[in-house]
Structure formats: structure tokens, C-alpha cells
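Since the structure comes first, as C-alpha cells, the remarks are kept for the end.
In what follows, every heavy atom counts, from backbone to side chain, and hydrogens, waters and symmetry copies are set aside. Ligands are counted one by one from 1 in listed order, and the atoms in each one are counted from 1 as well.
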Amino acid sequence: MQTKRLNSWLEKLAPDYPLMIAGPCSAETEEQVLKTARGLIDKRIQVFRAGVWKPRTRPGNFEGHGKKALPWLKKVKEETGMKIAIEIANAKHAGLALQYDIDIFWIGARTSVNPFAVQEIADAIKGSNKIILIKNPVNPDLSLWIGAVERFYKVGITKLGVIHRGFSSFRPGIYRNEPNWQIALDFKNRFPNIPMILDPSHICGRRDCIYDMAQMGLDLQYQGFMIEAHYNPEEAWSDAKQQVSPETLLQIIDRLCIRKQQFKDPQAIDKLAFYRSQIDRLDDELLKLLSERMQIAQEIGRIKKKRSVAVLQSNRWTEIIQKAVDKGRNLDLSEKFVNQIFKAIHQESIEKQERIFREK
Ligand code: PEP
Ligand code: MN
């Protein structure tokens, strides 16, 4: 892919701020769409998003209003001047989106995994001048993501961008979708001219970490964001936990700090992201191990209770701490640090066991 001028659409759309695409997960009612859009009128938000066809994991949930919602979005555009973005997942959606003159089409994470669907959409929009944003596939497969972008590029679509929305994981973690920064940064290294947008909403899966995630995106030089916003997030018909109100989103934007880049060198930036992702993973592991350790301590508590043995076995404790300090020393961990950590762990174990003793 010769990607030289692929980002000129972005400079035009968002010359002064990072690109901000905001709006509800789904278009629920005309009133909800308009009320939310009115709250988002701000020069730093250029695009209004709303899902019209919703890919849901299980049937029976709200799957979007489809065509019926498209005139509502037209109203948003006329009233607010914002550009409109929707997700399309097949050629029929593409046809309707073109018919209703939607400005930006995004390909969802469940569609970019499927080369047949991506090709069908690419063929359906061939020759149009629309902006296409391709979300990373749900599985952490860089080639599949690149392949989806290539399919659009090959039919002549040049207003392209990608959205990093995190990857599914079979292990429960702190995020709904693991960021796997390294994959996104590898993409950025290979195609520096394709704008990369961060979707903190679908990575976090909860609103309380949207700000931190967006700041991380700015620090890693992402060029824009897609953030879910709803005038009444708690009552949203889909993704209620991760949506923020328009007021909260504006506060988040106020707090975001476009730092002077400490590292100009992209390799240093990549390295930093790589190490941070390792730290996140290790912290996750630490928490899981601690939880496992506490469960075992509780089992021991049950045995002690049955046999009427005291919770605190001080010789066992002295033995544990001495062993840990010795091992720690060999691992370049100070005695003070190992002592503090083990005291805290021991305290928590004792409290858990005492709770078992108190149980009737
Ligand atoms: C969405 O943006 O609402 C959506 C369904 O996203 P994803 O494809 O990232 O799950
Ligand atoms: Mn959503």
C-alpha cells in the first residue's frame, strides 16, 4: 500500500484538535439521538456517531432500528453541523448509508474479522468519496486488520483510517477488551500515514477509566478518539456501563493534556508502550495470584476452624517471612519492601480466616 496522502481527510476535518467522534452506542429514539447531539455541540467534537445496526453477541438484545434511524441522523447533521458516522456490516447497509449521505462509515470489530464481508462492503462503496474507518478485528491478528484496510485501498478508497478498540481475551482482565498496544503500534509503524483513532469506550468497558485511556492515546500520538456518549448513560439500551454523558465527555476533553512530546523518536515511543503493556499484564497477574493465594488461605482457615486450631501460627509466619526475605534478596528486592508486602498479605489472610471463624 502506498499510503502517502491517506491522512489529508483528517487534517481537513480536525485541523486544530484531535478528531473526536462522539455519540451513543445505539440510536434508540429520535429524541435520544437529538438530545445527545445537542449536548455534544462543541468545536472540539467534529463527528456524531450512533449505531444503527448493532451486532450483538446473543440474540434477543436490541439490534438497532436500521433504516428507520437514518433520518434522525440527518436531522442531527442539519441541526448541529456535525458529520455523521455509523457502522456498516454488509452491502445492504453500505447502500443505505450512501443513500442517506452518511459521511463516515466504520467497519466493526466483528466484521473486520471476515474477509468476505469486508470485500462485499468494499465493492459496494467502490467509487464513493466516503471516509472509511476500520476497527481492529476482535482477535489480535495484525494481518487480518491490515488485510481489511487493503481491501478498501484496492477498490480506490483513499480516505481511510483505523480504530483501535482492543481485543477479546478468554482471560478476564481489567479491561473489557485488552488493548494489546503492541499490535496497534506495529500497525502504526507499518502505515504511518493512516490515521489511528482510539476507542477508549470499547477497550475500558466502563466509564471510570475513559479519561486515563484517552490520555494514554494522546501520549502515544493517536490522532483521534471515538467515545460513546448518551444523554442518560445509565439507561442506555446497549453498552450502558461505558457511556458517558455529554457533560462528562466535555469535562474529559477539558482535562486531556496534549503533552509536548518527550520522545520525538517513534521507536522510543513504541518501546515505552510495549513496556507499559507488560506492566499492565504483570499487574493483572499479580492481582490474580493474590486472589488465588487468599482462596487457599481461606481453605486453610476452614481446616483450622474444624480442628479448633488458632488462626495465627507464629512459627509458620516467621518461616514464611524469612524465606521471602532471603529469596527477595537474590531477586534484587530490598528486605524492607519484601517485609512490607508480606505483612500486608499476611494481614489480609488473617482477616479472611477470622471471617471464616466468625461464620455460623
Ligand atoms: C460500537 O462501536 O458500538 C461497536 C459495536 O463497536 P465494536 O465493533 O468495536 O465492538
Ligand atoms: Mn458500543
Salt bridge or not for Lys77 and Asp103, using N-O below 4.0 Å?
yes
Glu30: partners by side chain to side chain contact (heavy atoms under 4.5 Å, CB included), with sequence neighbours left out:
Leu34, Trp72, Lys75
In order of chain and number, which residues sit within 4.0 Å of ligand 1 by heavy atom?
Cys25, Arg49, Lys54, Glu87, Trp106, Gly108, Ala109, Arg110, Lys135, Arg165, His202, Glu228
For the residue pair Trp181 and His164, does the interplanar ring angle fall in the parallel (under 30°), tilted (30 to 60°) or perpendicular (over 60°) class?
perpendicular
Taking 4.0 angstrom as the limit, do Lys352 and Glu348 come out as a salt bridge?
yes
Determine, step by step, whether Lys74 and Asp101 satisfy the salt bridge (charged side-chain N to carboxylate O under 4.0 Å, His left out) criterion, reporting the C-alpha distance in whole Å, the side-chain angles of both residues, the deciding distance to 0.1 Å, and the verdict.
CA-CA 8 Å; Lys74 202 164 162 234; Asp101 198 22; over 6 Å; no
I'd like to know if Asp199 and Lys135 make a salt bridge, using a cut-off of under 4.0 Å between side-chain N and carboxylate O.
yes
Paired with Gln242, the side chain to side chain donor-acceptor pair (under 3.5 Å) test is passed by just one of His230, His202, Arg207, Arg206, namely His202
Which of the protein's N, O or S atoms come within less than 2.8 Å of the Mn ion (ligand 2), not counting waters?
Cys25 SG, His202 NE2, Glu228 OE2, Asp239 OD2
Arg56 to Phe62 six-membered ring, cation-pi geometry met (6.0 Å, 45°):
no
Qualifying salt bridge (charged side-chain N to carboxylate O under 4.0 Å, His left out) pairs, either residue in residues 271-293, two or more places apart:
Arg171-Glu285
